[in-house]
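Predicted, not measured: the structure shown is a model, and the values here were computed from it.
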Amino acid sequence: MQQIINFIFKNSTRLLFLLLLAISLTLVIKSHSYHRSQFVNSANFVSGTVYEKTAEVKSYFNLRGQNEKLAQENAYLKKLLYNKKDSASILPKDSTKGYDKIDVIQAKIINNCYNTPENYITIRGGSLQGIEPDMGVVSNLGIVGIIEKVSPRYATIQSVLNIKSKINAKVKRTNHFGSLIWKAKNAGYAQLIEIPRLASVKRGDTIVTGGISKIFPENIPVGIIDKVYIDTETNYYTLDVRLFNDMTNLNHVYIIKNKEIKEINKLEAETKTNE
């Protein structure tokens, strides 16, 4: 308290000047409309600038929530897209409600391995969200991999950058099918093998999922052909495919749930048993 009193006495002249200046400015502003309007405009400009900057800061810290909302909306749109592509779906009796063969579940990547021969990705989302092994995983740009293991809240994905990965894919322009594998050479490329020599393939052709699969719907983007060469052991084409996805920079992914897969698996198992 004594220090405050000493400060006031020491700076009494300056404080008195500032007080009188404030009083005089107040009187001028109140008694003259021009000065009053200029003061109000200046105050509005300052407050507007402060509000704008505050809004920008709030918007920045709200990006995570907005990204989650966008990912959820993308999952819904992908569900509509994949069900529309499946022209072979059988409609139920009440066809006015339609029939959704495929569900899409959105998840966030929490760990991504891409520099070993057998790469896996970990996501936040597991059996509690309806995720099960052998479900396909995609991003906005194309395929990512297949669900491998699942716990209640987490799951691991066998990445397309895994030497064990083998996914049915085709050349979109010619409809020639093959198997998409990875030879552990480059994180930006995979290889499409078993393409017959009679196929008219060329550099720049688009590769998509083949549809001869219970895991991925048909025509999901994979990449483009970068190089065509003949496998001397099989006498088939092997295609180097530059992936649309940057597998080293993934954030949100979408899990494709085929509602009919259990019925198909059961039927196939019964068929094999009866052979």
Side-chain angles (χ1 to χ4, degrees), residues 67 70-71 74-75 77-78 81-82 85 104-123 134-148 155-195 199-231 236-256:
N67 286 337
L70 287 174
N74 285 339
L77 293 174
K78 286 182 182 296
L81 176 64
Y82 296 152
K85 282 183 177 179
V104 177
I105 305 167
Q106 176 263 328
K108 177 80 166 56
I109 290 176
I110 59 173
N111 186 42
N112 182 13
C113 177
Y114 48 81
N115 54 8
T116 69
E118 297 181 12
N119 293 302
Y120 289 89
I121 299 168
T122 307
I123 58 174
D134 296 327
M135 289 182 176
V137 184
V138 301
S139 74
N140 286 334
L141 297 178
I143 64 169
V144 172
I146 298 173
I147 296 293
E148 178 84 3
T156 55
I157 303 166
Q158 184 188 81
S159 169
V160 294
L161 304 183
N162 188 310
I163 58 174
K164 295 180 180 179
S165 176
K166 192 172 185 179
I167 298 170
N168 175 256
K170 68 178 182 179
V171 181
K172 186 175 182 180
R173 183 175 58 85
T174 67
N175 271 332
H176 285 93
F177 292 86
S179 297
L180 188 76
I181 64 170
W182 188 58
K183 295 186 176 180
K185 292 181 179 180
N186 190 316
Y189 292 82
Q191 288 70 44
L192 187 62
I193 61 173
E194 302 167 354
I195 298 295
S200 177
V201 296
K202 60 182 180 180
R203 189 172 185 267
D205 279 346
T206 300
I207 305 300
V208 295
T209 52
I212 306 178
S213 167
K214 296 170 287 187
I215 297 176
F216 290 102
E218 190 176 7
N219 293 324
I220 295 178
V222 175
I224 61 172
I225 298 175
D226 187 69
K227 183 180 179 182
V228 180
Y229 56 93
I230 299 172
D231 190 320
Y236 280 82
Y237 281 134
T238 293
L239 312 177
D240 271 345
V241 180
R242 187 168 75 245
L243 300 171
F244 288 133
N245 264 325
D246 179 357
M247 296 298 294
T248 68
N249 184 23
L250 297 171
N251 192 359
H252 289 90
V253 291
Y254 306 93
I255 296 89
I256 301 170

**Prompt:** Could you walk me through whether V144 and Y254 pass the side-chain contact (heavy atoms from CB on, under 4.5 Å) check?
**Reply:** CA-CA 9 Å; V144 172; Y254 306 93; over 6 Å; no
Measure from the side-chain N and O atoms of [X] to the backbone N and O of [Y], and report whether any donor-acceptor pair falls under 3.5 Å.
{"X": "D246", "Y": "T248", "value": "yes"}
{"X": "T209", "Y": "P217", "value": "yes"}
{"X": "R203", "Y": "D226", "value": "yes"}

**Item:** V104 and I255: CA distance, side-chain angles, deciding distance, side-chain contact (heavy atoms from CB on, under 4.5 Å) verdict
**Value:** CA-CA 6 Å; V104 177; I255 296 89; over 6 Å; no
Rounded to the nearest 0.5 Å, what separates atom [atom1] in [X] from atom [atom2] in [Y]?
{"X": "I215", "Y": "M135", "atom1": "CD1", "atom2": "CE", "value": "10.5 Å"}
{"X": "F244", "Y": "I220", "atom1": "CZ", "atom2": "CD1", "value": "13.0 Å"}
{"X": "K172", "Y": "E218", "atom1": "NZ", "atom2": "CD", "value": "10.0 Å"}
{"X": "E148", "Y": "T122", "atom1": "CD", "atom2": "OG1", "value": "11.5 Å"}
{"X": "F216", "Y": "I146", "atom1": "CZ", "atom2": "CD1", "value": "5.0 Å"}

Distance-only check: which donor-acceptor pairs under 3.5 Å involve side-chain atoms of residues 157-165, not counting sequence neighbours?
{"from": "S159", "atom 1": "OG", "to": "L161", "atom 2": "N", "distance (Å)": "2.9"}
{"from": "N162", "atom 1": "OD1", "to": "K164", "atom 2": "N", "distance (Å)": "2.8"}
{"from": "N162", "atom 1": "ND2", "to": "N119", "atom 2": "O", "distance (Å)": "3.2"}

Please determine whether the number of non-hydrogen atoms from other residues, nucleotides or ligands lying under 6.0 Å from atom [atom1] of [X] exceeds 12.
{"X": "Y114", "atom1": "OH", "value": "no"}
{"X": "K166", "atom1": "NZ", "value": "no"}
{"X": "Y236", "atom1": "OH", "value": "no"}

**Message:** Checking K227 now: which residues fulfil side chain to side chain contact (heavy atoms under 4.5 Å, CB included) with it, not counting sequence neighbours?
**Reply:**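 Expected list: Y229, D240.
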**Message:** Checking side-chain polar atoms at under 3.5 Å, does S213 have a donor or acceptor matched by the opposite partner on N168?
**Reply:**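 S213 vs N168: no donor-acceptor pair found between side chains.
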**Message:** Between T238 and Q191, is there a side-chain donor-acceptor contact under 3.5 Å, judged purely by atom types and distance?
**Reply:**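 Absent: no donor and acceptor within the cut-off.
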Looking only at non-hydrogen atoms, find the nearest pair between [X] and [Y] and report the distance.
{"X": "L192", "Y": "A169", "answer": "CD1-CB, 3.8 Å"}
{"X": "H252", "Y": "S139", "answer": "O-CB, 4.2 Å"}
{"X": "A187", "Y": "L243", "answer": "O-CD1, 4.2 Å"}
{"X": "T116", "Y": "W182", "answer": "O-CZ3, 3.5 Å"}
{"X": "L239", "Y": "I225", "answer": "CD1-CD1, 3.6 Å"}
{"X": "P117", "Y": "A184", "answer": "CA-CB, 4.4 Å"}

**Message:** Just to verify, what does K202 make a salt bridge (Lys or Arg N to Asp or Glu O under 4.0 Å) with, not counting sequence neighbours?
**Reply:**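 So K202 forms no salt bridge (Lys or Arg N to Asp or Glu O under 4.0 Å) with any residue.
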**Any residue meeting salt bridge (Lys or Arg N to Asp or Glu O under 4.0 Å) with D134, in chain and number order, not counting sequence neighbours** =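 Result, salt bridge (Lys or Arg N to Asp or Glu O under 4.0 Å) vs D134: none returned.
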**Request:** List the steps, then state whether side-chain contact (heavy atoms from CB on, under 4.5 Å) holds for I167 with V222.
**Result:** CA-CA 10 Å; I167 298 170; V222 175; over 6 Å; no
**Asked** Hey, does L180 have a side-chain heavy atom less than 4.5 Å from the side chain of I143?
**Response**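 Sidechains of L180 and I143: in contact.
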**Asked** Does the pair I193 and D231 meet the rule for a side-chain contact (heavy atoms from CB on, under 4.5 Å), with working shown?
**Response** CA-CA 9 Å; I193 61 173; D231 190 320; 5.7 Å; no
**Message:** Run the side chain to side chain donor-acceptor pair (under 3.5 Å) test against N112 and tell me which residues pass, sequence neighbours left out.
**Reply:**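 Listed in chain order: nothing, the list is empty.
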**Request:** Could you list the residues that satisfy side chain to side chain donor-acceptor pair (under 3.5 Å) with N175, not counting sequence neighbours?
**Result:**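 Side chain to side chain donor-acceptor pair (under 3.5 Å) check on N175 returns K170.
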